[in-house]
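Notes for the one structure printed next.
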Amino acid sequence: MSDGKIYLRPLGFLYGTQADAAIEDGLALPLAGGPISFTCVELIEGTPKRSKAYVFSVPALSEAGDPDLRARLDLVTRPRPPFAGLDLSRPSLMGIVNVTPDSFSDGGLYDKTEGAIAHAAALVKAGAAIVDIGGESTRPGSETVEVQDEIERVVPVLEGLKGIEAAISIDTRKADVARAAAKAGAKIFNDVSAFTYDSGSLEAAAETGLDVVLMHAQGEPKTMQDNPTYDDVVLEVFDYLERRIQTCVAAGIPAPRIAADPGLGFGKTLEHNLSLFANVSLFHGLGVPLLIGASRKQFIRGFGQADDPKSREPGSHAAAIASASQGAQLFRVHDVAGASQALGVWRAATFGSEN
Ligand code: 9MG
């Protein structure tokens, strides 16, 4: 069957007790070891420039002996150990805390620090399992920030969050910021450049022992939305993340400490983002937890009435549900209370009383 690289996109999902029953009968396999199972797969063979796709039922697939296929299937199905101490069998929310000039107050740094600490605490109260603290905007068109300025923005916030009942994540592309954050209590290094921006960040991640989120981006924030181009956005993003995971493992960051993120909105058109959404389940073939960040992103504007980022919450929640129903485990969101409600209703309606 194999002639080129193999990608598997699980399809035909079952949830909860039905998922378990179908696995027992040999009709389905577990998705990333979680409470969702899949009954068929799209097997894609080739490269981003040239690929062919076939659909197989799980029973038909189970008979295939191709070692590449078996290895990919193992990555898709095997249980994920906890990430940053979080049980991944149910969705976890990462609340966004921006400590940038346009956030929290028009006053001085003290006001911003206090505002960010209060905001993070409110997000945790609303259900965030992680708070992601960032001192540099990576929105399309944004400028870079000097390392020292970034440290001065985020470290006092991290210090103010000591003892909080959530994992603290540092959203940075810079090794020295990550090191300072680790000293101040951070547990996760969320790098939108997947350690390609700062040549020291891979080593910083390995040495600090932080769990890491590797995100795909094409280009730099300032210009990334100018004309993003791909042969096949899904396979290219997959290949990139797979290479970055391999680089991390080779540098001494064990696979259980890694999560991957396709990077919605980072050098992607509306069409690219929608293709990634439709193919979230394929990224389980990376063998690590998946983080999805759709919250308030520009592409939601394409669905109307959402020029103001704050008015994009309904679309943000729909995006989280669409990804959760394909087994994504972590969701980076602004409105934690709203996302928690949306995902809670989705879980109750889908998994019923075992919820
Ligand atoms: C910092 N940041 C902004 N958007 C993001 C996204 O979609 N994913 C991750 N991991 N980080 C993001």
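Quick note: residue numbers are just sequence positions, from 1. In each ligand, atom 1 is the first atom listed, and ligand 1 is the first ligand listed.
Sorted by first and then second residue, the side-chain hydrogen bond (donor to acceptor under 3.5 Å, both in side chains) pairs with a member in residues 231-245 read Lys5-Asp239, Lys5-Glu242, Tyr7-Asp239, Lys49-Asp231, Arg72-Glu242; sequence neighbours excluded. Among pairs with a residue in residues 126-136, those fulfilling side-chain hydrogen bond (donor to acceptor under 3.5 Å, both in side chains) read Asp132-Ser169, Asp132-Asn190, Asp132-Arg332, Glu136-Arg173, Glu136-Lys174, at least two apart in sequence or across chains.
When every heavy atom of Ser281 is checked against every heavy atom of Arg9, the shortest pair comes out as OG-CG, 3.7 Å.
A tilted orientation is assigned to the rings of His216 and Tyr230, their planes being inclined by 30° to 60°.
The other members of the hydrophobic cluster of Phe83, by chain and number, are Leu86, Leu88, Met94, Ile130, Ile188, Val213, Leu291, Leu330 (side-chain heavy atoms under 4.5 Å, ILVMFWY only).
Once rounded to the nearest 0.5 Å, the distance linking CD1 of Ile258 with CG of Leu214 reads 6.0 Å.
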Any protein N or O within less than 3.5 Å of an N or O in ligand 1? List each pair with its distance, or say none.
unit_1   : atom_1 : unit_2 : atom_2 : d
ligand 1 : 2 (N)  : Arg332 : NH1    : 3.4
ligand 1 : 4 (N)  : Lys297 : NZ     : 3.3
ligand 1 : 4 (N)  : Arg332 : NH1    : 3.3
ligand 1 : 7 (O)  : Gly293 : O      : 3.2
ligand 1 : 7 (O)  : Lys297 : NZ     : 2.5
ligand 1 : 8 (N)  : Asp261 : OD2    : 2.5
ligand 1 : 10 (N) : Asn190 : OD1    : 2.8
ligand 1 : 10 (N) : Asp261 : OD2    : 2.8
ligand 1 : 11 (N) : Asn190 : ND2    : 3.2

